Structure formats: C-alpha cells, structure tokens
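Structure record follows, encoded as structure tokens.
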Amino acid sequence: MHAPETPAVLTLTGLRKSFPAQGGSVPVLAGVSLRLADGETLALTGESGSGKSTLLHLIAGLDRADAGTITVAGQDVTAMSEAEAARLRRRTVAMIFQAYNLIPSMTVAENLAFHARLAGRFDPRWTDELAARLGLAPLAGRMPDALSGGQRQRVAIGRAMALRPRLLLADEPTGSLDEDTAERMMAALRDLVADTGCALLMVTHSPRLAAALDRRVHLSHGRVAAA
Ligand SMILES: Nc1ncnc2c1ncn2[C@@H]1O[C@H](COP(=O)(O)OP(=O)(O)OP(=O)(O)O)[C@@H](O)[C@H]1O
C-alpha cells in the first residue's frame, strides 16, 4: 500500500478532450482527475472507445488536452513544448503498446538499447540484466520477425525499462497474447517495476491482470471512478 503522503508521480486534474466529428465535436474525456503515487501500479479499464488510449497519449505529451492539468514528476505536461514533451518521454515516462512497435531492422539487443541510447542513458550492465531477467539473452541476435508475440512484448518491456523511467504507461500490453503468456509477462513486468520503484499505469481488458495491480480505476462517460 502507498500512504497518501507518498509523492505523486502523476496528477491529473479536470482533464478534458474532445475530437472533431461530423456536426460538431465528441467529448471523450469530460473531467478526468487521478493521482498515482511513486511506485504505485494502477489498472485502467473501460469499454472500447471510452478514451483509455487518448488518456495515455495526453499523459505522454503525444496529444494536447483541451482543458485541465497533467503533472508528471512535478512537471506540467500541458504547458510543454513538443521538444520538452519529447525530453519527458526520454527521461521520465516510457510506453509499451499492444503492437510492440519494435524496430524491424534491428536485432533484439539493438532494440533493447535503442531508446536508452537516444536518451543518453544507455547502461550496458542494466540492459544485460534486463535481457537476462526477461529471458531474452539467448535471443539477442534475432530479428523481431523471428520472435513470438510474447518474446516481442518482452523486448518492448526491456526497451522501456532500459530508460529507468519513473512512470511506465502500458496500453493493453498483453492484448495479443494467450492467457498463460500474458500472466508470465505480467509477472516479469510487475517484478521489474517493483524493483526499480517505477509506477505503472496499465490499460487492460483482463480482470485477472487488473486484480494483480495495487489499484483499479474504470473510465466511463469521460470520467474515472474506482473499480
Ligand atoms: N485522432 C482522433 N480523431 C478523432 N477521434 C478520435 C481520435 N482518437 C480517438 N478518437 C475517438 O475517441 C474515442 C476514444 O478513443 P480511444 O482510442 O482513446 O479509446 P480506447 O478506450 O482506447 O478504445 P480501445 O479499447 O478500443 O482501444 C473513440 O470514439 C475514437 O474514435
């Protein structure tokens, strides 16, 4: 459990976002407020189209909110320039997607190191440890198209954690995996975030995976409530 006085890595206040649609605009987020403590793990559930990915994109500074504030590690994301948001994604916030988004022309080892190198914080010992813990060492020389879905997702986790982020955003990271593979991947991910003190905000449709995290919130009609 995290005491209320634990510093927040993420604070959302009154977040609003609409998208243009035929005949006007459609509100997707209608006043989302949320606090995530340092090192806390939170599952975000919600119907398809409820705005979960939109919320993650706003937090990562990949899209702009219409109103409200987003504070990540004490920094106001809503006030950031593109360059500042890009710096935030290199230094503080990492992302994992359902579709893995590995670089197809690079080996597993190169993929693992890529973002950390770009961010100027590549640490070969840490990357080797990640590869070992994620069972990727024997696959280091393989190309992504020669990996299974579960193996690809483990590379994506390693690549994100190689940055030593304070906040990891995961958008249905187990969505394409069978249940056993998803559970194993989740166990590896939970161990890594616990050992590094990283907070995790994970979108999932799986009640089982959600139950394994510290806290659960549900997004519905543009607002989040405890689930
Ligand atoms: N760039 C965009 N332009 C217009 N509408 C968008 C855009 N991005 C998202 N939307 C709309 O916003 C709503 C929320 O989309 P979002 O992808 O955030 O939902 P989600 O909860 O992640 O859904 P899923 O579980 O299916 O991935 C949807 O109705 C979607 O069509």
Side-chain angles (χ1 to χ4, degrees), residues 9-36 40-72 77-82 84-86 88-89 93-102 149-150 152-153 156-157 159-160 165 167-179 181-183 185-186 189 193 199-227:
V9 67
L10 172 70
T11 311
L12 309 177
T13 315
L15 209 58
R16 292 178 175 273
K17 178 72 179 175
S18 298
F19 286 112
Q22 263 189 339
S25 74
V26 177
V28 175
L29 304 177
V32 168
S33 297
L34 187 67
R35 183 185 189 279
L36 190 62
E40 191 176 20
T41 62
L42 177 75
L44 173 64
T45 57
E47 298 286 306
S48 181
S50 59
K52 304 179 298 296
S53 300
T54 301
L55 188 61
L56 294 197
H57 289 165
L58 294 180
I59 295 168
L62 293 167
D63 199 358
R64 296 265 165 199
D66 299 332
T69 59
I70 304 168
T71 309
V72 173
V77 176
T78 43
M80 282 182 185
S81 65
E82 296 285 327
E84 287 167 335
L88 179 83
R89 288 192 296 275
V93 180
M95 294 189 78
I96 308 174
F97 303 92
Q98 183 175 351
Y100 321 123
N101 294 6
L102 302 181
R152 286 179 206 197
Q153 194 55 293
I157 292 171
R159 181 178 62 177
L167 173 62
L168 178 62
L169 304 173
D171 200 349
E172 288 184 60
T174 60
S176 336
L177 307 177
D178 64 71
E179 210 168 304
T181 309
E183 294 245 350
M185 199 213 76
M186 261 318 289
L189 179 58
V193 295
L200 171 66
L201 172 48
M202 186 178 86
V203 170
T204 181
H205 284 293
S206 160
R208 259 172 84 175
L209 296 180
L213 301 191
D214 293 335
R215 201 152 58 87
R216 285 146 290 285
V217 292
H218 188 74
L219 180 58
S220 175
H221 302 294
R223 289 170 187 266
V224 293

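Because the structure is predicted, anything quoted here is derived from the model rather than measured. Order of listing sets the numbers, starting from 1, for every ligand and every atom in it.
A donor-acceptor pair under 3.5 Å is absent between the side-chain atoms of Thr174 and the main chain of Leu177, judged by distance alone. Looking at Gln153, its side chain does come within 3.5 Å of a backbone N or O of Pro173 through a donor-acceptor pair.
For the salt bridge (charged side-chain N to carboxylate O under 4.0 Å, His left out) condition, the pairs that include at least one residue of residues 12-34, sequence neighbours left out, are Lys17-Asp63.
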Going by atom type alone, with no hydrogens or angles, which donor-acceptor pairs under 3.5 Å involve a side-chain atom of residues 42-52 and a protein atom two or more places apart or on another chain?
from: Thr45; atom 1: OG1; to: Val217; atom 2: O; distance (Å): 3.4
from: Thr45; atom 1: OG1; to: His218; atom 2: ND1; distance (Å): 2.8
from: Ser50; atom 1: OG; to: Glu47; atom 2: O; distance (Å): 2.7
from: Lys52; atom 1: NZ; to: Gly46; atom 2: O; distance (Å): 3.0
from: Lys52; atom 1: NZ; to: Glu47; atom 2: O; distance (Å): 3.0

Identify every side-chain donor-acceptor pair in residues 200-211 under 3.5 Å, counting partners at least two apart or on other chains, and give the distances.
from: Thr204; atom 1: OG1; to: Ser206; atom 2: N; distance (Å): 2.9
from: His205; atom 1: NE2; to: Glu172; atom 2: OE2; distance (Å): 3.3
from: Ser206; atom 1: OG; to: Arg208; atom 2: N; distance (Å): 3.3
from: Ser206; atom 1: OG; to: Leu209; atom 2: N; distance (Å): 3.1
from: Arg208; atom 1: NE; to: Glu183; atom 2: OE2; distance (Å): 2.8
from: Arg208; atom 1: NH1; to: Glu179; atom 2: OE2; distance (Å): 2.3
from: Arg208; atom 1: NH2; to: Glu183; atom 2: OE2; distance (Å): 2.7

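At a 4.0 Å heavy-atom cut-off, the residues surrounding ligand 1 are Phe19, Val28, Glu47, Ser48, Gly49, Ser50, Gly51, Lys52, Ser53, Thr54, Glu172, His205, listed by chain and number.
The minimum heavy-atom distance between Ser53 and Asp171, with the atom names listed, is OG-OD2, 2.8 Å.
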